[in-house]
Amino acid sequence: MTDKPLTLLGIETSCDETAAAVVRGRVPGPGEILSNVIFSQTEAHAPYGGVVPEIASRAHLEILDSIIERALKDAGVALAELDGIAATAGPGLIGGVMVGLTTAKALALGTGKPLIAVNHLMGHALTARLTHGVAFPFLLLLVSGGHCQLVGVGGANDFRLYGSTIDDAVGEAFDKTAKILGLPYPGGPAVEAAAKAGNPRAYSLPRPLLHKRNGARGATAQRMQSIPALGGATNKENRADFSFSGLKTAMRQLAQQDIKFEDACASFQAAVIDILCDRSRIAMEMFRRDFPGSDRFVVAGGVAANQAIGDALTGLCREEAFVIRIPPPRLCTDNAAMIAWAGVERLSDKATGDALSISPRARWPLATGPI
Ligand code: KG4
Ligand code: ZN
């Protein structure tokens, strides 16, 4: 454990954002974001209604070097002044992850600085320490385009999975709903904006698994065994699992009728809010059993940028006597500052980097720890 503030370059290329950032700080935070450069490929993918992996990896390759240069220049930090180079090593679209990790390896080799291979989910999970210096332990609701999990975070290497989606991630449900309703990609911000002008009680939609505490039983349990990313969950009882595919099907059926799309968006968002609050309430019980007396609740990932969801979760925390922290929207969606910060946490803990032979990973569940 070192006490000196560390300065890290972070690189993020796991989906459709090419990002580099320089962060300085010491645990538990907050840290100082010296630069945070994000190039979004949204326009390149928009005609296809979703991210096209091949287009994404080519775009990362073309622009990453100049994004890193910008990040160093904005921060006023030379490569030689860095304490380490952190890059997302998974989970994500493998082509993109390879581009970022290989670039980081080259920089680490050229400068002799340690390489930190970061789990992207750990980046999201620890962002509230970068922004607010939130102490361990905390209960984490991680809601993004690829993930939907409730995790007890006991330390930078102690992740306890309380619940996870058995089908779609919540961001994916937003994106698919937007597509069904003819709204642009990415769907989350578009659905949220439309929902503001709609009636959340206009249409009655299903809320799968609501009030159920055994989401992993029966058919669901079988499905979970076939999804390696969900492995690591030993307690199949009393889990706070999510399901969104029934909601998506209901939206598809609804879209065939004569509907007001603002009302459809508001009704969809209301169903998502009910599901997230219900599951979080169950996970709060599980968390308090593991960490008696603890009261910190953190929301992270792209969907945490949704104001209505944030407001509802704030209400839930008031009822359940939890203190909520949601990073600002720009740090909820994919960025490299969170990767640089995860690097700060790893280097502070271990003071050594990863081997340059480390491989990128398409799948990398949070609960299993480092590679
Ligand atoms: O964390 P993120 O940037 O990328 C992943 O790691 O997946 O999350 C992207 C997801 C997308 O599905 C996007 O539609 C969703 O976050 N999202 C939102 C909002 N902003 C982004 N969902 C709901 N409301 C929003 N305001
Ligand atoms: Zn993400």
Side-chain angles (χ1 to χ4, degrees), residues 10-19 21 36 38-42 45-46 49-51 53 56 87-94 96-97 100 118-128 140-149 151 165 168-181 183-196 198 229 242 244 247-248 251 265-266 268-273 275-276 298-313 326-339 341-342 362-366:
I11 297 173
E12 161 57 37
T13 54
S14 67
C15 193
D16 59 345
E17 254 91 38
T18 314
N36 190 18
I38 305 175
F39 174 77
S40 174
Q41 305 173 2
T42 304
H45 300 286
V51 179
T88 297
L93 300 173
I94 196 69
V97 177
V118 172
N119 181 319
H120 178 87
L121 303 177
M122 192 182 291
H124 281 302
L126 301 179
T127 302
L140 168 73
L141 172 64
L142 177 57
V143 276
S144 74
H147 300 271
C148 188
Q149 302 181 337
V151 183
T165 183
D168 294 342
V170 61
E172 205 178 345
F174 268 98
D175 294 336
K176 286 179 179 169
T177 291
K179 202 170 176 180
I180 289 166
L181 296 174
L183 293 170
Y185 173 84
V191 170
E192 181 179 19
K196 285 201 176 105
F242 302 85
F244 293 100
L247 183 55
K248 182 187 63 193
M251 289 308 294
C265 287
F268 165 80
Q269 194 170 268
V272 168
I273 286 173
I275 295 167
L276 293 180
V298 167
V299 194
V303 181
N306 184 297
Q307 183 80 44
I309 291 175
D311 289 349
L313 290 168
I326 309 178
R330 193 172 156 78
L331 295 172
C332 284
T333 47
D334 285 351
N335 65 87
M338 70 179 190
I339 303 304
W341 176 258
R363 284 176 178 274
W364 185 1
L366 198 51

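None of the values given here were measured: they were computed from a predicted structure. Atoms within each ligand, like the ligands themselves, are counted from 1 in listed order.
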Got a second to check how far L121's CG is from M338's CE, nearest 0.5 Å?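 If we round to the nearest 0.5 Å, L121:CG and M338:CE are 8.5 Å apart.
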Measuring only between side-chain heavy atoms, which start at C-beta, is [X] closer than 4.5 Å to [Y]?
X    : Y    : result
L142 : V151 : no
N335 : E12  : no
N36  : L331 : yes
T165 : E172 : no
P91  : H147 : yes
L181 : M251 : yes
T88  : T13  : no
F242 : V170 : no

Selected option - heavy-atom contact closest to atom 20 (N) of ligand 1, from G302, G310, A300: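 Heavy atom nearest to atom 20 (N) of ligand 1 belongs to G302.
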Can you name the residues that form a side chain to side chain donor-acceptor pair (under 3.5 Å) with D16, not counting sequence neighbours?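 Scan of D16 (side chain to side chain donor-acceptor pair (under 3.5 Å), adjacent residues dropped) gives Y185.
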With sequence neighbours excluded, tell me which residues meet side chain to side chain donor-acceptor pair (under 3.5 Å) with K248.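 Result, side chain to side chain donor-acceptor pair (under 3.5 Å) vs K248: D168.
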So which of the N, O or S atoms of D334 lies nearest the Zn ion (ligand 2)?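 The D334 atom nearest to the Zn ion (ligand 2), restricting to N, O or S, is OD1.
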Between I11 and I339, is a side-chain contact (heavy atoms from CB on, under 4.5 Å) present by the stated rule, with each step listed? CA-CA 7 Å; I11 297 173; I339 303 304; 5.9 Å; no
Just which atoms of ligand 1 are under 4.0 Å from any heavy atom in [X]?
X    : value
G171 : 12 (O)
G146 : 7 (O)
H124 : 1 (O), 6 (O)

What residue and heavy atom of the protein are closest to [atom], and at what distance?
atom                    : result
atom 24 (N) of ligand 1 : N306 ND2, 3.0 Å
atom 15 (C) of ligand 1 : V303 CG2, 3.9 Å
atom 26 (N) of ligand 1 : E192 OE1, 2.8 Å
atom 25 (C) of ligand 1 : G188 C, 3.6 Å
atom 9 (C) of ligand 1  : G145 N, 3.7 Å
atom 2 (P) of ligand 1  : D334 OD1, 3.3 Å

Report yes or no: does a heavy atom of C15 sit under 4.0 Å from some atom of ligand 1?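 C15: no contact with ligand 1 (<4.0 Å).
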Check whether any heavy atom of H120 sits under 4.0 Å from an atom of ligand 1.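 H120: in contact with ligand 1 (<4.0 Å).
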So does C15 have any N/O/S atom less than 2.8 Å away from the Zn ion (ligand 2)?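 Looking at C15, which is the residue asked about, there is no N, O or S atom under 2.8 Å from the Zn ion (ligand 2).
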H147 backbone or side-chain N/O/S under 2.8 Å from the Zn ion (ligand 2):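 Checking H147: none of its N, O or S atoms is under 2.8 Å.
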Is it the side chain, the backbone, both or neither of D175 that has a heavy atom closer than 4.0 Å to ligand 1?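 Just the side chain.
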Side chain, backbone, both or neither: which applies to H147 and ligand 1 if a contact is any heavy-atom pair less than 4.0 Å apart?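 None of H147 does.
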Do ligand 1 and E17 have nitrogen or oxygen atoms that lie under 3.5 Å from each other?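 No, since none of the N or O atoms of E17 sits under 3.5 Å from an N or O of ligand 1.
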Test of geometry: compute the angle NE2(H124)-the Zn ion (ligand 2)-NE2(H120) and round it to 10°.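 Result: 90°, to 10°.
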